[in-house]
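What follows is a set of notes on a single structure, which appears directly below.
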Amino acid sequence: DNDIFVWLVDFPWPLFDREYVMRRRLDRHPHGGATSISRIVANSTGVLGHDANYVRISDFVQLATARPMDDGNGSAFHLFYRNDLNAPMPLWLGKWFSQT
């Protein structure tokens, strides 16, 4: 599967809300589980209209893998994530993120 989607994120004050235009590819594994890769669409301004109430993010990558454990008890989930929020982060907000 390969699709383009828009993700609108409501950020806490004093930050502006964010808009992500991404392409996601989903690969299903033959023995169970799946891998999802999401990336920002290059030059996404031409893909979809831009809402001026949101800051459009230009640097985002996420790789997520989920699979059943070899012994059949539970599952394993791996996540790699990179995101440039296009804004300085206030000290209090960094502390808040690290506590949740």
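What you are looking at is a predicted structure, and each value in this text was computed from that prediction instead of being measured.
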Heavy-atom closest pair, residues Gly33 and Pro68: N-CD, 3.9 Å
Side chain to side chain contact (heavy atoms under 4.5 Å, CB included) assessment of Phe60 paired with Trp7: CA-CA 12 Å; Phe60 175 91; Trp7 181 29; 4.2 Å; yes
Shortest non-hydrogen separation from Asp17 to Phe11 and the atoms involved: OD1-N, 2.9 Å
Atom pair CD (Glu19) and CG (Leu8), whose distance is rounded to the nearest 0.5 Å: 6.0 Å
Neighbour count >12 (heavy atoms, 6.0 Å) for atom CZ, Arg67: yes
Common cluster, Leu15/Trp92, ILVMFWY with side-chain heavy-atom separation under 4.5 Å: yes
Pairs meeting criterion salt bridge (Lys or Arg N to Asp or Glu O under 4.0 Å) with involvement of residues 71-89, two or more places apart: Asp59-Arg82
CA sep, side-chain torsions, deciding dist, call: Ile37, Gln62, side chain to side chain contact (heavy atoms under 4.5 Å, CB included): CA-CA 6 Å; Ile37 301 171; Gln62 177 179 296; over 6 Å; no
Geometric cation-pi criterion Arg56 and Tyr20, 6.0 Å radius, 45° cone: no
Gap between atom CZ of Arg23 and atom CD1 of Ile40 - 0.5 Å precision: 11.5 Å
Linked, directly or transitively: Leu26 and Leu63 (ILVMFWY side chains, under 4.5 Å): no
Residue pairs fulfilling side chain to side chain donor-acceptor pair (under 3.5 Å) with at least one residue in residues 29-38, sequence neighbours excluded: His29-Thr35, Thr35-Thr65
Verdict with reasoning, Met22 to Phe5, per side chain to side chain contact (heavy atoms under 4.5 Å, CB included): CA-CA 6 Å; Met22 294 187 276; Phe5 66 98; 3.5 Å; yes
Members sharing Phe16's hydrophobic cluster (side chains within less than 4.5 Å): Val55
